[in-house]
Each structure stands twice: as structure tokens, then as C-alpha cells.
Asks: 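My questions will all concern the structure given below.
Chain A is the first sequence line, chain B the second, and so forth, proteins listed ahead of strands; every chain is numbered from 1.
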Amino acid sequence: MKLERIRLSNGIFYNHAATDRFKTGYLSVNFILPLDKRTAALYALLPDILRRGCRDYPDQASLNRRLEELYGTEIATRNYKRGEMQIIGFAADMLDGAYLLPDDNTDLFGCVASLLGELIFSPLLTAEGRFREDYIESERLNRMDAVRALINNKRRYAVTRCTELMCAEEKSGVAVEGTLAAYEHLEVDRLMECYRYMTEQAQVEVFYVGSCDRSKAETCIRQMFSGRERRPDILLPKTEIVRCAAAPRRYEETTPAVQGNLTIGFRTGTVMGDADYLAYPLFNEIFGGSPASKLFMNVREKLSLCYFCFSHGDTIKGLLYVSAGIENRNKDKAISEILTQLEKIRLGEMTEEELLCARASLFHAYRAISDNPVGVESWYLGRILVGIHTSPEETMAAMERIGREEIAAVARKITLDTVYFLRGSLSDTEEGMEEEEQHEE
Amino acid sequence: MKNETVRETRESRLLQERYDCVHHKSGLDIYVFPKKMSTTYALFGTKYGSIDNCFRLAGEKEYTQVPDGIAHFLEHKMFESEDGSDTNERFTRIGASANAFTSNDMTAYEFSCTGHFCEALEILLDYVTHPYFTEENIQKEQGIIGQEIGMYDDNPVWRIYYELLKLLYVRDNVRINVCGTKESIARITPEHLYRCYTTFYRLSNMALVICGDVETEQVVAVADRILKNQEDFREIECYFEAEPDSLAGTRSVISMDVGKTLFAIGVKDIHPQREGTAGAYRRLALRILSDMLFGEAGTFYNTMYEEGRINSSFHYGYESTRSCGFLLLTGESDDPEEVLRRFTAMVEDAKKNPPSRSDFERLKRTAYAEYIRAFDSTDGIANDLLSDLFAGVDIFSVGDILASVRYEDVLALLSDFFEPERYAMSVIRPDTHAASAGEEKDGNTKNVKSGSTAGEDRV
């Protein structure tokens, strides 16, 4: 699927992926901000406040009713990090215009684009030019609920804690969801300042995947931003890359859970955009990216230590994680097996079969991207953030020449940084004891 | 049942889609839905889930009772093969991605591919028709599934769901955890697995659905090569105890390591109707009714949200199995009792002052759009098609059934469905453990693919 990229004005880009494959249109507006602990909570909160209402639809009830009229269009807020960037904004999913009810001439795309523009640029403000206090307060409390709820998913929580500890001295260690402390002492006065930075200065990436005509869509998107003040182009926030870990660190915390959750954090030494980067996704696939990977085949299938064990990470920052849910007493066994499998790749111990599987499974994932609008957005946006614009097809072609030696070479650059274990206290058995565990409520 | 292949085509003008239904000579029904997309997706499913734990074949005297969690265990063990080859690897090497899941009334094996479709289909039909169970490979799986059970034990969404089902149902097997327990799976033997397999994995109890850029002839040719004709067509008889209208309980409160108190309110459907057009009509009417009562544009949601009694984690939906149905409302709240009280009061008020016809029309249109948008991915289409099939509904007729839903019928359901003596609530309160702050969206979870909805479990 070809992506057309159009610069609309200073730092505002429109990315158009034309396709008639879907019965849905997907439109998103993304603001790229520097990740910083002084502003993370404020930025995280902004889309939530804006989603509460705008001038024409001043509360959730009227706004949501409008969305229902627009054939159940969904507008979701987003807030996540890539490298040391915080990305906030909105994504809209709508019915494709070809499927409206008979005799309905609504310009669905135009209506949704204009509503998104309203939400972003025409917020409800008080006479003093501030956001409504009740909206701020209620969304601040909801954000605190969301931060507290991170513990509900133990696996994800373990990755979060591992990152915080591993990158404590770096921007990447900043919680993109904000922290309870940040919301307790929220600098409400700075919200407008952050809002202005977001709308006037931050790089904006708009994505549309759907069947709407390019020039028509571009006109609607231009309208959304027309008359908005923009400062001169600024550069994307930079991500500091730590190529090599210092001495490995080990942390353990305990929580009332049945299962132990292990996260091992590594520095990859290779990031997207590096000359040798193309070997990295193949490495990850062999290591722990598929059910035919070394981690799955050994830690799960051979040793029966876990249900899940896989590798993932942030390719902009150069972080690699291995996650596994295990019994507490198997912690050392699992760590040792995971490191052994990594060592094998470093030594070039990969069978032809493994190389074949890695390539086949990775290329399948790349070819499948065009079947999913969010996949298309995520592929291109992830690359735009580091100034790359290659398509999945171009990437696959370039990967053809990569073999065992290149993969082993990127694996040798990987260094162990942090082992984090979230011990589950509800099933603690003494080390070495084999008896059945007691499950407690 | 005749051992010959019969084919028909169904079309939808509304969707501009069509699919072929093939009754294959082997006894298997095959559905091929052509779709010009990069991925082709295949789903091979059997009408067999965690609720089917007591069964016999027509003519047999005795019912066989098997340990809880066996359907899911069997699903895991199907990946094992006699020649020791690894099923996942067979798929992966040709660029296909395989998985499987078990729900309370279905087990299904799937793959998606962007090439080598016929080879992948061969592997799928081959491995699902070749069971290989030994004491040794069962023991290995007990460790893996033991950890899967541990993972779900720590998952509050999963826990609160089963806590609620144990309140709503006195005897229905929907109360049984799909994965079973560590104790129940420890009792599973190769004989149990073969017995379940030969009963439920007969081709006439299964269906194959393919969606993607493929031709029906290709699919039939692979089926001709791999599938053996079924000879035994005895009916499967599952034994289910009769479920009373009353509830097993109305409240359950447990504590867990969660950030904020979670609640799940359930409404027991005492006239569940799963099969055919009538069942689909009722589900669609209930869906529109729920949107009218609890939707994000409605008074209930917005009042509760603005008062800070619920947050955006609030969700609701109707679920049904072959034997039961219930409405579920879940969310976070510091005061779940107040949420339940307000929910009850709101419904009683709606009975006296029903939602307007214009609300109905608007939400019916939203449901219409959602129906159309569901035909957007090969896996989504195949999964919807199969679950509709197993409920005796043609997926293309769902659009017509939706169009026929009447405001008056929806209002009638309001008084019929919602009775306070059928309401129950399960609550999870936070442990004293204080959670600290954090972040991070998770990365690639390809080989985990844990089901996002409770009550369904993926390999």
C-alpha cells in the first residue's frame, strides 16, 4: 500500500494511504512531543480533557450522540511513547462512505474530519481562557485510576517497572501515563501552555487510510488546520541512545499474585536507521518473536517453564525485553535458559530451518500490514519518527541479503542491563520444593 | 448423510460480498469467503467447548464424564504429532501463523498466511485430524497450562467474570473455567483425550471457514486429498443439568492486587434463545436496548461518569452460549453498590418512561454500521461466520434481521428481560498492596495472543 506524504504547513504532515480494501475509514491526528517527566502527565491529560466536549458539542452526551448519528463513528484518545517521544492525539474509525443508508448524502469523512478539528482546536474554555475546571478535575482522577490500574496486568507492569529501573537516568524511564504524584500536584496553570505547544509547535502527523479521494481528503485536512498559528518548523525530539549497558542490575519486588513475572531488559546497541539495523528484526524473530523461536521452543516447549515467553522492545531507543510468566522457584532456571538462547545466536548457532522460519514469519507479518489501517499507520509513523520512509516491501527486498553472520553480529552487540522479577506471593514455595502450590483467594 | 460434495453460493447485495458453502463428501461443511486482501485466514472449528463435559453417542447406554478443562487441554495437545514434528514450525516455515482457541462451546484452529495457502491448509487439515496423546506429552503440557492458569488467576477481568457466572448459575457448565484447575487437569489421561476427540472431532460436528484471496476449487481439492470420509454419523448427546431461573447468589466480593475496585453486574437471561433467526433477532434487539440504556450518549452513563462513579473502563454486552445467556456490565468504581442501585433504579424508570423512538432509530443505525464494518478483515469475517453458523444463522441474513428489529419489540424486552431478582454483582477489591506508577505500551505479543475477552482462551 503506497503512502503519499504531504507537508501542509510548518511541521504539519498529511499521510494518505489510498485503498478500497476496507469498509471502514481510519483517520488519526498525532502530536509528537518530547517525553519529559515535568510534562508527561499534562500531555497525557490533554486529549482526555479535549474529548469531553467542544464549542458545538459541549459535553460527552452531545458529542457521543453526534458520533452515533455519524454511523457510530468512534473517536479514541491516545497517549504512548516511542523512543523518548510522547505521542498524543485522536484516532477516528468510521464507516466507508459507500455504505451509508439509501438516500443519505452525508459527507461522512468531511463531518468526522471537521469534528476532530473542533475537538482539537475549539475546546470549551472559561472566560479567563482556561479549560473547564470540572473537566480537568474529573479527568485528572480518571488518569489516576488508570495509573493505579497498571498493576492489573502483571506482565505489562513488570515491563513498566523494568523500564523505570533500567532507564532511571534517561527520559525513556519517564512514565508516559504520568504518575500519581504528578497528578496529585498537577500544575493546572501549565495545561494551556502545554496545549499551545501541542497545537502551535509540535510536529503533527495526520494519517488517513481509506477510499476517500486524495485531493478531497487533503482539502478537509487543510481546513482542519487553516488559520492556526504555527511557529517555524521544529525538529523532532531527539532520543538518547545508550549503546551498551553498564554492569547488569537485578531487582525483585513482591506482589500478591499467583504467578511470578520476569522481565529481562537489554540494550540492543542497534537502532532503527543504523546501517546494520535490518538484521535486527530477523534476530528478534529467531530469538523470541514467533512460536518457532528459540525462546518459545526451549523455555516453553522443551522445559515447560511457562505459557508465554517472548521478546519485544523499542527499536527507536534500542531496548529489548524478554517477558515470561513463571513459577517463582523457576526464576533462575528461566533466566539462565533465556541467556543461553541469546548466547547461541551470538555464536551463530542457528539452523537453516530457524533462519527460514524467521524470514518467513517476519515477511508474513510485513505483508499483512496492509490489511490493517492501524498497522499501516504504526509502520510508517514508527519510521517517520526517525526520518525513514521505507515501505514494508522495500524493507523485505533489502532484507533478502541478510544471513546468519549479520544476525549473529547484531546479537553480539546486545548487552544485558536489568533483570526484573515480580514475585507472586500467593504461591510461594521454598526453593527446590516440588509440592503442589496452595492457591489463595 | 451422503458422501458427495454439494455446493451453493450465498450473496449479499448490501455488503457486495459472497461466499460458497460446500458440503464436502467427507462429512465436513466448508465455507469459502473470497476477499481481496493480503492475508488469507482459515478457521477449522468444532462445536465442542468447556461446557461439554458429560456426553455419549446415540445408542450408547452410559454418559462419559470427563475432567474440567479438557477441551482446552485437548486443543493444546493437538499441536503434538506422532512423528515428533512441531506443528508451529511447519506453519512458520511457509510464512503462516497458526493459533487456536477454546471457548465454552467451541474449539477452533486457525492460521493466517500471505502465500503458500494450499500447503498451509494441508497442514491444518492434517494436524487437526491426527491426534497423538501420550502420558509423557500430557505431563509436559500440565506444566505449561499450569502457568496459563496462574496467568488467568492473576487476571482480574478473567476472575471477576467467573465469580459472576458462579452467582448467576446454579448448575450450568458455563461456570466452569475454560482452562480447568491445576487439580482437574492433573486427572486427564490419554484415554480421556481420545474419547473426547473421537466424539467431538468428527467432521460432521465441525466446519472449515476460509476467508481471503482464494478459489473454492483450491480448498475442495485440498480437502479431497487430506480428509477421510466419515462413516459414523451417530448423534452426539451432551448431558446438561436443568438450570433453574433463580440465581446461585447475588454478591461475591474477593480481594486481589488491583488498582481500584472492579465490579461486574450480571443479568441472567431466563429465556435464552441461541438458535436461528429468532435467536439472532433477540440478540440484536438486546444489543440496541443495551445501547439505549447504557450507551455513551445516554443519561445513565453520563450522569455516573460526571459524578465520578464510573470511568471510561465501563463496558457492557450480552453474551450467550448453547445453553445460557446473560448481560454483563463491568467497570471500576469506588462504590459498586451505588452503581448497582442506580442501575436498578434507572431500568425501573425506563420501564415507566421508555427511551424514545429516535434513540432507537439512531442506535439501530449504529448497529447497522458496525455490522458492515465487521466485514473488514479476513479473520474477523471467518470468526463471525463460524459463530453464526454454529448458532444456525447465515451471516448475510444478520443484516436483514437487524433491519427488521422493531422498536415495540425492544421495549417489550425491557420489561421482560430486566427483573431485579435476576441481577447479581461480583466485586474485586484492591489488596492493601500499594501500586506504584508506571507506563509502557506492550510490544509484540505474537506468540502470546492472549484472548482479550474473558471466557475464551488462546493457545
Asks: Just by modelled atom types, is the B/Asn311 backbone N or O under 3.5 Å from a matching donor or acceptor in the A/Asp145 side chain?
Replies: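 Flag not set: sc A/Asp145 to bb B/Asn311 has no pair under 3.5 Å.
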Asks: Check B/Thr92 against A/Ser361 and note the closest heavy-atom contact, atom names and distance.
Replies: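 Closest heavy-atom pair between B/Thr92 and A/Ser361: CG2-CB, 3.5 Å.
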Asks: Counting only non-hydrogen atoms closer than 4.5 Å, does B/Thr39 touch chain A with its backbone (N, CA, C, O), its side chain (CB onward), both, or neither?
Replies: both
Asks: Heavy atoms only, distances under 4.5 angstrom: which of A/Gly325, A/Cys306, A/Gly260, A/Ala149 has the most pairs with chain B? Name it, please.
Replies: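 Result: the option with the highest number of such pairs is A/Cys306.
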Asks: Which atoms of B/Glu17 are under 4.5 Å from chain A, going by heavy atoms: the side chain, the backbone, both sets, or neither?
Replies: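 It is the side chain, since no backbone atom gets that close.
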Asks: Under 4.5 Å heavy-atom distance to chain A, tell me which part of B/Lys140 shows up: side chain, backbone, both or neither.
Replies: both
Asks: Which bit of B/Leu14 is near chain A, if near means a heavy-atom gap under 4.5 Å: side chain, backbone, both or neither?
Replies: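 For B/Leu14, the contact with chain A is made by the backbone alone.
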Asks: Looking at chain A, which one of B/Ala96, B/Cys113, B/Gly143 has the largest number of heavy-atom pairs inside 4.5 Å, strictly under?
Replies: B/Cys113
Asks: Heavy-atom distance under 4.5 Å to chain B: side chain of A/Glu354, backbone, both or neither?
Replies: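 Neither part; nothing is under 4.5 Å.
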Asks: Would you please name every residue forming a side-chain contact (heavy atoms from CB on, under 4.5 Å) with A/Asn261, sequence neighbours left out?
Replies: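 Once residues adjacent in sequence are excluded, the partners of A/Asn261 under the side-chain contact (heavy atoms from CB on, under 4.5 Å) criterion are A/Lys154, A/Arg155, A/Ala158, A/Gln259, A/Phe308, A/Leu422.
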Asks: Taking A/Glu301, A/His364, A/Met297, A/Glu74 one by one, which has the highest count of heavy-atom pairs under 4.5 Å against chain B?
Replies: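 If we count pairs closer than 4.5 Å to chain B, A/His364 comes out on top.
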Asks: So, taking the atom named OG in A/Ser427 and the one named NZ in B/Lys182, what distance separates them when rounded to the nearest 0.5 Å?
Replies: 6.5 Å
Asks: Let's test your reading of the structure: which of B/Leu15, B/Thr378, B/Thr114 forms the most heavy-atom pairs below 4.5 Å with chain A?
Replies: B/Thr114
Asks: Could you state the interatomic distance from CG (A/Leu95) to OH (B/Tyr368), rounded to the nearest 0.5 Å?
Replies: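 So the CG of A/Leu95 and the OH of B/Tyr368 are separated by 6.5 Å.
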Asks: Under a 4.5 Å heavy-atom cut-off, does chain A meet the side chain of B/Asp359, its backbone, both or neither?
Replies: side chain
Asks: Stepwise, does the side chain to side chain donor-acceptor pair (under 3.5 Å) test hold for B/Ser38 with A/Ser370?
Replies: CA-CA 7 Å; B/Ser38 307; A/Ser370 58; 2.8 Å; yes
Asks: Under 4.5 Å from any heavy atom of chain B, what part of A/Leu100 do you find: side chain, backbone, both or neither?
Replies: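 Looking at A/Leu100, just its backbone touches chain B.
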Asks: Most heavy-atom pairs under 4.5 angstrom with chain A, which of B/Arg365, B/Glu361, B/His116, B/Glu141?
Replies: B/Arg365
Asks: Go through the atoms of B/Tyr301 and report whether side chain, backbone, both or neither lie under 4.5 Å from a heavy atom of chain A.
Replies: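 Side chain only.
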Asks: Under a 4.5 Å heavy-atom cutoff, which of B/Lys260, B/Glu370, B/Arg362 has the most pairs with chain A?
Replies: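 Looking at each of B/Lys260, B/Glu370, B/Arg362 in turn, B/Arg362 comes out on top.
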Asks: Using only atom types and a distance under 3.5 Å, with no angle test, would you say the side chain of B/Asn88 pairs donor to acceptor with the backbone of A/Ala292?
Replies: no
Asks: Taking side chain as everything from C-beta outward and backbone as N, CA, C, O, which of these in B/Ser112 sits under 4.5 Å from a heavy atom of chain A? Side chain, backbone, both or neither.
Replies: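 Contact with chain A is through both the backbone and side chain of B/Ser112.
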Asks: Without swapping roles, check the side chain of A/Asn152 against the backbone of B/Gly259 for a donor-acceptor pair under 3.5 Å.
Replies: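 Judged by distance alone, yes, a pair lies under 3.5 Å.
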Asks: Enter the distance from A/Glu327:CD to B/Gln147:CD here, rounded to the nearest 0.5 Å.
Replies: 5.0 Å
Asks: Using the rule side chain to side chain contact (heavy atoms under 4.5 Å, CB included), only one of A/Asn372, A/Asp96, A/Asp371, A/Thr24 pairs with B/Asp376; which is it?
Replies: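 Single pass found, and it is A/Thr24.
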Asks: Could A/Arg148 and B/Glu332 be called an ion pair, given the rule that one side-chain N must be under 4.0 Å from one carboxylate O?
Replies: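 A salt bridge is absent here (no side-chain N lies under 4.0 Å from a carboxylate O).
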Asks: Please classify the contact of A/Arg66 with chain B as side chain, backbone, both or neither, using a heavy-atom distance under 4.5 Å.
Replies: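 It is neither, since no heavy atom gets under 4.5 Å.
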Asks: Among the options B/Asn302, B/Asp154, B/Thr366, B/Asp86, pick out the one with the most heavy-atom pairs lying under 4.5 Å from chain A.
Replies: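 The option with the most such pairs is B/Asp154.
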Asks: Answer whether the closest heavy-atom distance between the side chains of A/Phe22 and B/Met37 falls below 4.5 Å.
Replies: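 Answer yes - side chains close enough.
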Asks: If you take all heavy atoms of B/Ile372 and A/Lys23, which pair is closest and at what distance?
Replies: O-CD, 3.4 Å
Asks: Assess the residue pair A/Glu353 and B/Arg93 against the criterion (salt bridge (charged side-chain N to carboxylate O under 4.0 Å, His left out)); give the C-alpha distance rounded to whole Å, side-chain angles, the decisive distance to 0.1 Å, and a yes or no.
Replies: CA-CA 7 Å; A/Glu353 185 68 16; B/Arg93 70 194 310 279; 2.5 Å; yes
Asks: Picking from A/Leu67, A/Thr73, A/Asp93, which has the most non-hydrogen pairs under 4.5 angstrom with chain B?
Replies: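 It is A/Asp93.
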